[in-house]
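Lettering follows sequence order; numbering is per chain, from 1. Remember, it's a predicted structure, so these values are computed and weren't measured experimentally.
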Amino acid sequence: MDEIKNEVNGILKGAIRTAIEAGELPINEVPIIPFSPTKTPEHGDIATPIALGLAKSAKLAPTQIAEIIVKYVNQDEHPSIRNLEIAGPGFINVYLSHTWLYHTLRTIIDSGNAYGRSEIGTGKRVLIEFVSANPTGPLNIVSGRAAAVGDTLVNLLNAVGYEAIREYYINDAGGQVERLGESIDVRYRQLFGEADLEIPEGGYQGDYLREFAETIVAEEGDTYLKLSQDKRISEFRDKGIAHLLKLQKTSLERFGVHFDVWTSEKTIRDSGKPDQIIDMFREKKYLYEAEGATWFRMTDFGDDKDCVVIRTNGEYTYFVPDAAYHYDKYDRGFDKVINLFGPDHQGHITRLKNFVKALGLADDWLDIDIIQQVNLVDSDGTRLDMSKRQGQFYTLDALIDELAETVGEQFAVDVARYFFLMRANNTHLDFIIELAITQANENPVFYIQYAHARCCSIFHQATEQQIHLKPLNDISLEELTEPSEHELIRKLADFPSIVLSSATEREAHRIPHYLHELAGLFHPYYNQHRVLDTENIQRTYARLILVQSVQTVLVNGLKLLGISAPESM
RNA sequence: GCGCCUAUAGCUCAAUUGGAUAGAGCAACGGACUUCUAAUCCGUAGGUUGCAGGUUCGAGUCCUGCUAGGCGUGCCA
C-alpha cells in the first residue's frame, strides 16, 4: 500500500508541477499531498482532498482545480492507475489497477510473520514502565488493564523497529510499605489473642494479609512476638513485600506479561542517586527551606504550587527517588521513556514531567499516558467499586478465575486481554463479565479466533483432498475476481499502516478493531464462496493464497495482542 | 476554587487526528446447516455527536462559555 501510495503521490505531484508551469494553477510551489481514507469502494482505492486544500491559495473552485490536476495526469504512462475521478466537493478518487491487489498478496506470503513490521524506529531504544503497583496487595483490575496495554505497546513498538523493553518499578520504600508492615503486625497479633487491635489509618484491610499472617504463624509460630514492635514491623514489612511481589509476578506470568527489568525504589534510594539529585537541584536554586521542610520551586515550571521534597522528619518525599529513577533511565541510554499511570496518579504527571525538565532532559523524552479506570459490570448492570484501601477490590486473578470457569484458562486470558485492549486508554472501561463469558457466542474474541480456526480448517481439508499448495509464481491470482475478495485484500493491505499508527500514537485499541473488521469480511466471504473446488482448481489455488494471507494477518495481529490463535475451536 | 479526562444509536464503544452519506458489536425481530466448523451468515431497525456560540470550502474532531460525571489538588505513592 505504501509503495503504491508513493507512486500515486509522485504522479499527482508531477501533474501539479506541469499545471503550474503551464500557468493553469496560480500557486507557488507543489504542496504536500494528503491522502484520506476511502470508506466505500465507490470512492476508489486512494483519495486525496488536495484540490480542496488548494482552493484558497489558488483562488479557484475546488472542482476546477481537481479537473486541472487530472487533466495533467497522462494515464497512458501510468498503468498502475486504472481511473481518476472527481467526486463530491472536489476529491480526486484514484482507482488502481488490480495488479496492486495481487502484489499485496505476494508481499504477505513472502513476508509471513514479518508482514506488518516496519522500520521507523530502527536504532532507537524505548523503555515502557507500567503496572508498577505498590507491593501492598494483589494486582487489581486496573493493573491488569495496564499490563495488557503496556505489553502490547512494547510489541507494537518492536514491530515498527524500536528496541523496546518492559520495566516494573517496585515501590518497596516509603510510607505505604511501612503501613503494610504495621497491618501485617496487627493481623499477626490478632492471632495471638489481641482481637481488638485495629488496622492503622492508611493500612490494608484485605483478607490476604490475614491469610499471610496465618501462614507466618503456621511456619514460624510466635517467634516474632519476642521482637520489639519496631523490629517486628520492619521484619513483617520486608516479608510482606517479598510475598506480595511474588504474588504479583505470578499473576503477571499467568496473564502472559513478562517484564524485562524490575527496578527497586529501595535500591535507588540506597544508591545515593537521590542525594545527587537534591544537590543538583540545590545548585540550580530550585530548592528553598520553609516550615521546617525543603521545597521545590514547582511554580517556576508553571505549576500553581511548590512541593515538598524533604519532609520535616528529614525523609525524602517520593518525588526525589522518582526523579532519581528517571535520571537513571536516562543514564541507561533510552531515547524515549513512556510511563503508563493509573487514574489515581493524574496529579503526578505534570510534576514528574517538570522534575524531568529540571534535570535538563528534553520535554518529549518522557511521555505519560493514563490508563483509565475499569468498572466491572455485573450481570444485573451494577458497577463494582474497587478500592484497595478499603479492602474491597477485584483482583486480576479473581477475574481470570471467574472467566476460566466457563471458557477455560487460555481463553480466559485471551478474553481478558482483548477486553482490556479494545478501548482507548483514556476512556473508562466497562468490563461486562456477561459478554466475556455467558454470551461467549457473541464474543468479539471468539469471532476473530474463529475466523483463524476456519482458515486452518480449510488447509486441513485441502490436505485431506490431496490439494497441495503450489509455488506462488505458478498460481494465477487473477482468478480472484469477486468484489468481496478485493475488499478483503484491501483490508489486508491496511495492516502495516494500522500497526505503524497504533505504535506511534500509542493507540493499541486499533489492532483489536482492525482484526474484528478483518474477521467481519472473512466470515461472510467464507459463507458465500467455497474455497476448495476440484472443478475449478486454478481458482482454488488462488483462493488458498487469499486464505493464507488472511490467516497470516490474523496470527500476526493476535500475536501483537498476546492472544492465542487456536487452530480449531 | 483550580487542573486533567470523559460525554456519539436503548447499552458498550469506533471514526485513520479537520474530509465525502458519523460506523461496529451487543440487545430486538424475521430467515439460512445433506456444503471447507452455524462460536458463522443474510435481512429489518436505530442519531439535533450533552447544550449555546465561534473559526472555514468543510467540525464528532479546533476555540470560547455553560451542563453532567470521573480523577487529581503543599510534607501517601
Engineer: Of the options B/A38, B/G70, B/A15, whose atoms approach the side-chain atoms of A/R510 most closely?
Structural biologist: B/A15
Engineer: Using purine N1 to pyrimidine N3 plus N6-O4 or O6-N4 for Watson-Crick, or N1-O2 and O6-N3 for G-U wobble, each under 3.5 Å, what pairs with B/A52?
Structural biologist: B/U64
Engineer: Assess the side chains of A/Q248 and A/Y168: does a donor N or O sit below 3.5 Å from an acceptor N or O?
Structural biologist: yes
Engineer: Under a 3.5 Å cut-off for both distances, is B/G1 Watson-Crick or wobble paired, and to whom?
Structural biologist: B/U73
Engineer: From the list B/G19, B/A14, B/A38, which nucleotide is the closest neighbour of the side chain of A/H509?
Structural biologist: B/A14
Engineer: Out of B/C42, B/C13, B/A20, which nucleotide sits closest to the side chain of A/Q528?
Structural biologist: B/C42
Engineer: Taking pairing as Watson-Crick or G-U wobble with both contacts under 3.5 Å, can you name the mate of B/A9, or confirm there isn't one?
Structural biologist: none
Engineer: Any strand is fair game: report the nucleotide pairing with B/C41 by Watson-Crick or G-U wobble, both distances under 3.5 Å, or none.
Structural biologist: B/G31
Engineer: Strictly below 4.0 Å: does A/Y318 bring a side-chain N or O up to OP1 or OP2 of B/A77?
Structural biologist: no
Engineer: Nearest to the side chain of A/H43, heavy atoms from C-beta on, is which of B/A14, B/G25, B/A20?
Structural biologist: B/A20
Engineer: Side chain of A/N93 only, heavy atoms from C-beta on: which candidate in B/A20, B/C36, B/A77 is closest?
Structural biologist: B/A20
Engineer: Checking side-chain contact (heavy atoms from CB on, under 4.5 Å) between A/R543 and each of A/H529, A/Q548, A/Q538, which is the one that passes?
Structural biologist: A/H529
Engineer: Compute the centroid of each ring, for A/F319 and then for A/F296, and state whether the two points are separated by less than 6.0 Å.
Structural biologist: no
Engineer: So, for A/F301 and A/Y286, is the gap between ring centers shorter than 6.0 Å?
Structural biologist: yes
Engineer: Could you tell me the Watson-Crick or G-U partner of B/A20, where both distances fall under 3.5 Å? Say none if there is no partner.
Structural biologist: none
Engineer: Can you tell me if the side-chain N/O atoms of A/Y447 get under 4.0 Å from OP1 or OP2 in B/C41?
Structural biologist: yes
Engineer: Taking the side chain of A/D430 as heavy atoms from C-beta outward, which of B/A15, B/C13, B/G72 is closest to it?
Structural biologist: B/C13
Engineer: Compare the aromatic ring of A/F91 with the six-membered base ring of B/G19 and state whether they stack according to the 5.5 Å and 30° rule.
Structural biologist: no
Engineer: Output the single nucleotide from B/U35, B/A77, B/G19 whose closest atom is nearest the side chain of A/R530.
Structural biologist: B/U35
Engineer: Taking the minimum atom-to-atom distance to the side chain of A/N426, which one of B/U12, B/U6, B/A77 wins?
Structural biologist: B/U6
